[in-house]
Amino acid sequence: MPELPEVETVRAGLAEFVTGARVTKVEVFDTRSLKRHEGTESDFIATLVGRRIEAAVRRGKFLWLPLSLAKSDKAQLALIGHLGMSGQILLRTPKFEPDKLTRIVLYLTAADGQKYEMRFVDQRIFGSLAIDQMQPTEDGGVGGFSAQVGLAAPWRNLIPAQVAHIARDPLDLEFDQAKVLAAFKKKQSGIKRVLLDQGVLSGIGNIYADESLWLAKLHYDQPAATLSKAKSLELLAFVQKVLAEAVAVGGTSFDEQYKNINGESGYFSQSLNAYGMTGFPCKRCGRAIRRDSWMNRGSHLCPSCQKLSR
DNA sequence: ATGGACACCTGTGGGC
DNA sequence: TGCCCACAGGTGTCCA
């Protein structure tokens, strides 16, 4: 489900309501949702209870909540969340009806005394929560992202170890276009594979890759190295435009699989030109959008506008 | 380096 | 109604 716009919508909601909240209790209903956690279930719970949530931070599709220090800590810790294909984080008041497929619940008391249940809901269990150590990074941590959301030190200079391999995302103010262009030049792989490579640039998944490629009139298998500098810059500009517009409307929701922290859908599905539009006329040329099987998933494109070149 | 298959999972919808 | 198949916003690993 969730790509950058959906994760950012969740992050922004958490930042508003759980910054400064204290964890009072944790329940784990399915330990498979702790698959990225390196300790045990009881260690996960014991580490969280009593901590204060200091912020809500994101890079690409990873989000994390930096935690207050405890005396025994050797490093700053954070609660990392990855939503996988079907993960949600719902913030409910205590008497709110149960949510199906709830895997983990954090019971919180906000700074103003309001009590919440932060419910990690995940149909397919490809997502997870985990506690991880934060570390300084070579590229200056989440500085660019921090500037965007007003994140304070020390959180702006640290990244969880598990997120260290994730490249800056296109909405990060310190996103390095030149670095990404250099990576394109070295890759013989199709451009869509490269857009989905979270180590080159992060946050893009199947929806926003297909949408960006449709806007740029590029075929998914066009080798990245064959793109001119101008074409690459045009593509990155479309990527940023699509991601920013999707963030502005709360992401893309097709069904029950993506909701914000209040359980509300996003509206970007109304703006889709290619993804999920199989058989509908291309909004540029009228030819039917086609779905190709590709990498064990689907790629949606206009066969007229998006041809392989050379 | 590159691309393909597959594993991890549950749920939904279409065709018969 | 039931059964089977295809398909779903991600990531990681193994193998030619």
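So that the names make sense, note that chain A is the first sequence line, chain B the second, and so on, each numbered from 1.
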Select one nucleotide: of dC7(C), dT10(B), dG10(C), the one nearest the side-chain heavy atoms of R32(A). dT10(B)
Does the plane of the ring in F17(A) sit parallel, tilted or perpendicular to the ring in Y116(A)? Use 30° and 60° as the thresholds. perpendicular
Identify whether any heavy atom of Q188(A) sits under 4.0 Å from a base atom; if not, whether one sits that close to sugar-phosphate; answer base, sugar-phosphate or nothing. sugar-phosphate
Is F126(A) stacked against the base of dC8(B), taking the criterion as centroid distance under 5.5 angstrom and interplanar angle under 30°? yes
Using the P atom on both, measure dA1(B) against dG10(C) and round to a whole Å. 25 Å
Mind checking if L196(A) touches a base, just sugar-phosphate, or nothing, with heavy atoms under 4.0 Å? nothing
Any strand: nucleotide that pairs with dC9(B) via Watson-Crick or wobble, under 3.5 Å: none
Looking only at side-chain atoms of R103(A), point me to the closest of dA8(C), dT11(C), dT10(B). dT10(B)
Within the structure shown, what part of the strands sits under 4.0 Å from F254(A) by heavy-atom distance: base, sugar-phosphate, or nothing? base
When rounded to whole Å, the CE to C1' distance for the pair M85(A) and dG11(B) reads 12 Å
Would you mind classifying the nucleic acid contact of K61(A) as base, sugar-phosphate or nothing, using non-hydrogen atoms under 4.0 angstrom? sugar-phosphate
Member of D197(A), D210(A), D221(A) meeting the side-chain hydrogen bond (donor to acceptor under 3.5 Å, both in side chains) criterion with K192(A): D210(A)
Distance check needed: dG10(C) P versus L83(A) CG, whole Å only. 11 Å
Quick one: does any side-chain atom of K61(A) pair with a main-chain N or O of I204(A) as donor and acceptor, under 3.5 Å? yes
Looking at every strand, decide which applies to D255(A) at a 4.0 Å heavy-atom threshold: base, sugar-phosphate, or nothing. base
Take atom CG of D221(A) and atom P of dG4(B), then tell me their distance rounded to the nearest Å. 8 Å
Just how far, in rounded Å, is C1' of dC8(B) from CG of D122(A)? 11 Å
State which of dT10(B), dA5(B), dA8(C) makes the closest approach to the side chain of N296(A). dA5(B)
Across the strands shown, which category fits R193(A) at heavy-atom distances under 4.0 angstrom: base, sugar-phosphate, nothing? base
Can you identify which nucleotide, out of dT11(C), dG3(B), dC9(B), has its nearest atom closest to the S189(A) side chain? dG3(B)
Please state whether the rings of Y275(A) and H300(A) are parallel, tilted or perpendicular, taking 30° and 60° as the class boundaries. tilted
Please confirm whether the shortest side-chain N or O distance from R291(A) to OP1 or OP2 of dC7(C) is below 4.0 Å. yes
Nucleotide dA8(C), atom C1' - distance to CD of Q88(A) in whole Å: 14 Å
Could you tell me whether the side chain of P5(A) reaches within less than 4.5 Å of the side chain of Y208(A), counting heavy atoms only? yes
Over 12 non-hydrogen atoms of neighbours within 6.0 angstrom of CZ in F29(A): yes
Under 4.0 Å between a side-chain N/O of H82(A) and OP1 or OP2 of dT11(C), yes or no? yes
Send over the distance from Q123(A) CD to dA8(C) P, rounded to a whole Å. 14 Å
Could you tell me how far dC9(B) sits from dC7(C) if I compare only their C1' atoms? Round to whole Å. 14 Å
Take the protein atom CG of D30(A) and the nucleotide atom P of dT10(B), then report the distance between them rounded to whole Å. 8 Å
Closest heavy-atom pair, Q76(A) versus P154(A), reported as atoms and distance to 0.1 Å, is NE2-CG, 4.2 Å
Of F62(A) and G298(A), the one whose closest DNA chain C nucleotide lies more 5': G298(A)
dC5(C) versus dC6(B) - spacing of their P atoms, nearest Å: 16 Å
Verify the contact: side-chain N or O of R124(A) to OP1 or OP2 of dC8(B), cut-off strictly under 4.0 Å; return yes or no. no
Taking only N and O in the side chain of Q198(A), is any of them less than 4.0 Å away from OP1 or OP2 of dT11(C)? yes
If you find the nucleotide of DNA chain B closest to K35(A) and the one closest to L101(A), which residue's nucleotide is nearer the 5' end? K35(A)
Value in whole Å for how far the C1' atom of dT11(C) lies from CE of M295(A): 10 Å
